[in-house]
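One structure below.
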There are 2 protein chains.
Amino acid sequence: MSDTPWLDDDELATWVRLVALVELLPGVLDTQLREDSGLMHFEYYTLAMLSEAPDRTLRMTALAHQTNATLPRLSHVVRRMEERGLVKRAPAPDDRRATVAQLTDAGWSVVQDAARGHVGTVRSRVLDALSPEQVGQLRQITEAILPRLDPSGSMAGTYTRYDR
Amino acid sequence: MSDTPWLDDDELATWVRLVALVELLPGVLDTQLREDSGLMHFEYYTLAMLSEAPDRTLRMTALAHQTNATLPRLSHVVRRMEERGLVKRAPAPDDRRATVAQLTDAGWSVVQDAARGHVGTVRSRVLDALSPEQVGQLRQITEAILPRLDPSGSMAGTYTRYDR
DNA sequence: TCACATTGGTTGACGCTACAAGTATAGCGG
DNA sequence: CCGCTATACTTGTAGCGTCAACCAATGTGA
């Protein structure tokens, strides 16, 4: 750890912009989704993952992995969404320690309604700014970085279509 | 807004990973800085911006722009750091509505001590995962996206070395 | 010079996330 | 089976960020 050189100009310029992106993007996503659908982005993402799952049902740990969330965070979010009628919880049949979360019909409607506007935002604010080559580059870049951010390798590597 | 097509497989794979990165990176930065220096990343970044400014002093609005923060957020953070003796606030001489924040000697020491470890984390968790070409690509990608995330164009575009 | 809007910043309340316990079940090793 | 550890959550609390006022100073137009 003793000799980690400083960032050169190119690295620094890149880093500063990446920090800015990480700082600004969540707010952009949250704002649009909240105004149009009354959801935070993390809630949308959670519902979207459930909507793609078999029987629209997932165990909490599996859902936490797919959403890159800690279990406490997910637990709170799911409880609040359950109070709003978007999901319901039930003990898992095979393991009585476990809980499964299932998307309700109301939750299904909410995600479906939210999806169009959300995808529109993703396009207009991010993807439309990039050429197809850049989209590919960004994919490779994020794929290279993510393993280094993920403590235990429980990443979104297992990816399933999460929209539509 | 009516016909925004869904994301194709490549776009979706990219987006899912970008979301994961945005979700995970802040925690990684916060954890290292908190453990090693008792700072959140946003606090570190704020102190670093001040440390590069003339007389280690900036007006709150200018500092907010450089840190991509809202004014209320910055105000709270600066107040808390003032209570810890890292910065101090004073009314601006030229405009009596304005406040300037100045880095104290103690604050200066804290950033300096924090910098090495922080840069080490930035390297080991992000930059080391990328080839020099990818660093350049990421810079161009973020440069393309940021204007679309920034509501008012008050970005970190005005960039000054923030480390060392 | 006197309203009125604008800018610059602070403050308080509320919601969300992280962290630390706590509970309950499951899976061992002996 | 009987303790022990590990797993799968849930819950409580504390801290940070957002949003909506709010106040003070500054411009601006009549």
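This is a predicted model, so every value here is computed, not measured. Residue numbering restarts at 1 for every chain, and letters A, B, ... go by the order of the sequence lines.
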N/O-N/O pairs, protein side and nucleotides 24-27 of chain C side, under 3.5 Å:
{"from": "C:dA26", "atom 1": "OP1", "to": "A:Arg96", "atom 2": "N", "distance (Å)": "3.2"}
{"from": "C:dA26", "atom 1": "O4'", "to": "A:Arg97", "atom 2": "NE", "distance (Å)": "3.3"}

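- The distance from atom CG of B:Asn68 to atom P of D:dG17 is 13 Å, rounded to the nearest whole Å.
- Map A:Pro72 and A:Glu43 each onto its nearest nucleotide of DNA chain C; the residue landing nearer the 5' end is A:Glu43.
- One can place CG of A:Leu71 at 9 Å from C1' of D:dT10, the figure rounded to the nearest angstrom.
- No donor-acceptor distance shorter than 3.5 angstrom exists from the side chain of B:Thr67 to the backbone of B:Thr46, with no hydrogens or angles considered.
- In this view, A:Asp128 satisfies the side-chain hydrogen bond (donor to acceptor under 3.5 Å, both in side chains) rule with no residue, not counting sequence neighbours.
- Residues passing the side-chain hydrogen bond (donor to acceptor under 3.5 Å, both in side chains) test with B:Gln137: none are found, sequence neighbours excluded.
- For the contact set between residues 26-33 of chain A and DNA chain C, defined by any heavy atom under 4.0 Å, there are no members.
- Between the C1' atom of D:dC9 and the NE2 atom of A:His65 lies a distance of 12 Å, rounded to the nearest Å.
- Under the side-chain hydrogen bond (donor to acceptor under 3.5 Å, both in side chains) criterion, A:Asp113 pairs with no residue, sequence neighbours left out.
- Here the C1' atom of nucleotide D:dC16 and the CG atom of B:Leu39 are 15 Å apart, to the nearest Å.
- If you find the closest nucleotide of DNA chain D to A:Ala62 and to A:Glu23, the one lying nearer the 5' end belongs to A:Ala62.
- Comparing D:dT10, C:dC16, C:dG9 by their nearest atom to the side chain of A:Met60 picks out D:dT10.
- Listed by chain and number, the residues in a side chain to side chain contact (heavy atoms under 4.5 Å, CB included) with B:Ala92 are B:Asp94, B:Ala98, B:Val100 (sequence neighbours excluded).
- Residues from residues 74-84 of chain B placing a heavy atom under 4.0 Å of any atom in DNA chain C, listed by number, are B:Ser75, B:His76.
- Between B:Thr70 and D:dC19, a side-chain N or O to OP1/OP2 separation shorter than 4.0 Å is absent.
- A salt bridge (Lys or Arg N to Asp or Glu O under 4.0 Å) check over residues 39-50 of chain A, counting only residues at least two apart or in different chains, returns the pairs A:Glu43-A:Arg84.
- Between the C1' atom of C:dA20 and the CZ atom of B:Arg34 lies a distance of 13 Å, rounded to the nearest Å.
- For the pair B:Phe42 CZ and D:dG15 C1', the computed distance is 15 Å after rounding to whole Å.
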Any chance you could lay out the side-chain contact (heavy atoms from CB on, under 4.5 Å) test for B:Ile145 and A:Leu25, step after step, and finish with the verdict? CA-CA 10 Å; B:Ile145 295 173; A:Leu25 185 52; over 6 Å; no

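- Take B:Ser124 and apply the side-chain hydrogen bond (donor to acceptor under 3.5 Å, both in side chains) test, not counting sequence neighbours, and it matches no residue.
- Linking Ile, Leu, Val, Met, Phe, Trp and Tyr whenever their side-chain heavy atoms come within less than 4.5 Å leaves B:Leu24 and B:Met40 in two separate clusters.
- For the pair A:Met40 CE and D:dG17 P, the computed distance is 14 Å after rounding to whole Å.
- A salt bridge (Lys or Arg N to Asp or Glu O under 4.0 Å) check over residues 20-39 of chain B, counting only residues at least two apart or in different chains, returns the pairs A:Arg73-B:Glu23.
- Contact annotation: A:Arg89 side-chain N/O to D:dT10 OP1/OP2 distance is under 4.0 Å.
- A close approach under 4.0 Å does not occur between any side-chain nitrogen or oxygen of B:Thr61 and OP1 or OP2 of C:dT7.
- Remark: A:Glu82 pairs with A:Arg89 by the salt bridge (charged side-chain N to carboxylate O under 4.0 Å, His left out) rule, at least two apart or across chains.
- When the salt bridge (charged side-chain N to carboxylate O under 4.0 Å, His left out) test is applied to B:Arg79, the partners found at least two apart in sequence or on another chain are B:Glu83.
- Look at A:Thr99 and you'll find a side-chain N or O under 4.0 angstrom from OP1 or OP2 of D:dT10.
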